[in-house]
Asker: 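One structure, as structure tokens, below. Some questions next.
Hydrogens, waters and symmetry mates play no part in the numbers below; they use all other heavy atoms, side chains included. Residue numbers count from 1 along this sequence. Atoms within a ligand are numbered from 1 in the order they appear, just like the ligands themselves.
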Amino acid sequence: MASQPLMNTYARMSVAFERGEGSWLYDTQGNKFLDALSGIAVCGLGHAHPAVTQAITDQAAKLIHTSNLYTIDLQEQLAEKLCAVSGMESVFFGNSGAEANEAAIKLARLYGHNKGIENPSIIVMEQSFHGRTLATLSATGNRKVHAGFEPLVGGFVRAPYDDIAAIEAIAQNSPNVVAILVEPIQGESGVRIPADDYLANLRKICDQNNWLLMLDEVQTGNGRTGSYFAYQSAGILPDVVTTAKGLGNGVPIGACLAQGEAASTLKPGNHGSTFGGNLLACAAALAVVDTIEKENLCDRASQLGAKMIADFTEELEGADYIRDIRGKGMMIAIELDQPCTELAVLAKVKGILLNVTGDGKVIRMLPPLTLTDSEASLIVGVISKLIKIIAADDRDHPRS
Ligand SMILES: Cc1ncc(COP(=O)(O)O)c(C=O)c1O
């Protein structure tokens with residue numbers, strides 16, 4: 001037997017949670033933690049939301065899984081609902097963000113082949129994150145994610161994020177391009193927010209070149225940034241949208257949505273997934289989409305997120321070690337001028353869960369959309385204090 005029964009793929013913290021309620025998690029020792037990470041943008045409705053609990057317990061007692069060989073009414077209902085909220089026309093269901101992106105990548109390649117392009121390629125961005133399967137890690141713009149897994153899947157052309165001139169230059173020189181795959185906000189590389197007109201400019205270039213505009217909303221979707229999908233605040237319609245994370249509030253589900261020609265590109269036999277869109281996952285996701293609408297959680301995320309950013313800005317005013325405080329809705333980041341990875345551990349000791357991303361200098365918060373005002377104040381107060389403490393400590397004991 002292996003000395004470690006779990007493969008060593010995560011550097012885990014030494015805490016195990018056994019129960020959750022709203023924004024709070026309770027560990028096996030009885031300690032409580034305010035969850036400002038939501039399982040990395042997954043539990044947008046908080047933990048044990050009654051609507052989701054009810055939907056999955058009722059469905060589990062009836063039927064969990066049949067097969068995509070048969071009609072699944074709940075899957076059709078969910079597809080209709082998602083099309084209504086997104087402006088898309090058809091949906092493929094998988095089980096994760098990576099699978100949703102795999103579907104988009106395959107769809108784009110087939111779209112290209114249908115146009116007679118034998119070696120279609122997709123523009124992807126530096127510092128992007130699209131998943132850990134071979135195609136999605138190859139699409140990802142982070143050398144650390146590639147290292148050791150070469151040969152990478154081909155057919156991706158890389159461009160700097162938020163750089164329209166670079167995309168225009170590719171358009172002049174790359175006849176095989178069929179699509180752009182891009183995050184509306186880059187989450188894993190540190191909540192990097194592009195210019196307000198970035199998506200609209202990408203839309204224009206895609207229209208001029210007959211490319212598909214494919215948005216990875218795995219992290220930004222499902223109300224996280226203050227609209228159901230982030231592109232809705234940019235006033236554009238993509239051809240393809242992928243989502244996962246917040247869609248099932250913890251029950252695994254991913255979706256690739258499409259409209260226009262992209263909606264009918266995949267045909268029977270082109271793609272599939274045994275578990276994708278099974279009854280249990282669809283029951284959970286239907287409850288999530290309904291609750292986001294009924295509880296007006298997009299507006300709530302937009303307003304409370306803006307308030308938290310304003311409060312952090314006030315608390316940390318004048319601190320020269322703060323590079324930036326930014327975010328959209330409940331996707332919030334504080335960038336320091338120095339590495340601060342220890343902050344996640346210190347915050348956990350103080351009973352708040354968050355993570356540090358980017359190059360170790362970006363404190364990222366992705367709280368539930370259901371966060372209360374007082375929970376938001378608690379996060380701002382405790383985290384601002386901790387930032388001041390570690391910055392002062394660094395000044396007294398500078399790193400080489
Ligand atoms: C933008 C984006 N795309 C794709 C993924 C991959 O999703 P999953 O881990 O569900 O495969 C992630 C996960 O962090 C993500 O943030």
Asker: Provide the number and element of each atom of ligand 1 under 4.0 Å from a heavy atom of H130.
Answerer: 3 (N), 4 (C)

Asker: For the pair H65 and F275, name the ring-plane relationship: parallel under 30°, tilted 30 to 60°, perpendicular over 60°.
Answerer: perpendicular

Asker: Tell me the contacting part of A244 for ligand 1: side chain, backbone, both, or neither, using a 4.0 Å heavy-atom threshold, strictly below.
Answerer: neither

Asker: Based purely on interatomic distance, does G131 place a nitrogen or oxygen under 3.5 Å from a nitrogen or oxygen of ligand 1?
Answerer: no

Asker: Going by the atom numbers of ligand 1, which of them fall below 4.0 Å from some non-hydrogen atom of E183?
Answerer: 1 (C)

Asker: Tell me, which protein residue and heavy-atom name are nearest atom 11 (O) of ligand 1, and how many Å apart are they?
Answerer: A98 N, 2.8 Å

Asker: May I ask you to decide whether D239 forms a salt bridge with R203, counting only side-chain N to carboxylate O separations under 4.0 Å?
Answerer: yes

Asker: Going by the closest heavy atom to atom 7 (O) of ligand 1, which one wins out of G97, S189, A100?
Answerer: G97

Asker: Please confirm whether the ring centroid of F33 lies under 6.0 Å from the ring centroid of Y26.
Answerer: no

Asker: So, 4.0 Å and heavy atoms of K245: is ligand 1 close enough to count as a contact?
Answerer: yes

Asker: If you measure only the distance, is there a donor-acceptor pair under 3.5 Å linking the side chains of E188 and Q219?
Answerer: yes

Asker: Side chain of H146, backbone of T140: donor and acceptor closer than 3.5 Å?
Answerer: yes

Asker: Can you check atom 3 (N) of ligand 1: any protein non-hydrogen atom closer than 4.0 Å?
Answerer: yes

Asker: Report, in ascending order of atom number, the atoms of ligand 1 lying under 4.0 Å from any heavy atom of D216.
Answerer: 1 (C), 2 (C), 3 (N), 4 (C)

Asker: State, yes or no, whether a side-chain contact exists between T225 and Y231 at a heavy-atom distance under 4.5 Å.
Answerer: no

Asker: Counting each atom of ligand 1 from 1 as listed, which ones have a heavy atom of N101 under 4.0 Å away?
Answerer: 3 (N), 4 (C)

Asker: With heavy atoms of Q219 as the reference, note each atom of ligand 1 found under 4.0 Å away.
Answerer: 16 (O)

Asker: Does the side chain of S273 pick up a donor-acceptor pair with the side chain of N68 at under 3.5 Å?
Answerer: no

Asker: In terms of hydrophobic clusters joined by side-chain contacts under 4.5 Å, are L199 and V177 together?
Answerer: yes

Asker: P160 and side chain to side chain contact (heavy atoms under 4.5 Å, CB included): which single residue from M125, Q127, E126 fits?
Answerer: E126

Asker: Mark up the atoms of ligand 1 that fall under 4.0 Å of a heavy atom belonging to V218, in ascending order.
Answerer: 2 (C), 3 (N), 4 (C), 5 (C), 7 (O), 12 (C), 15 (C)

Asker: Any N or O on E99 sitting closer than 3.5 Å to an N or O of ligand 1?
Answerer: no

Asker: I'd like to check which ligand 1 atoms, numbered from 1 as shown, lie under 4.0 Å from a non-hydrogen atom of S96.
Answerer: 10 (O), 11 (O)

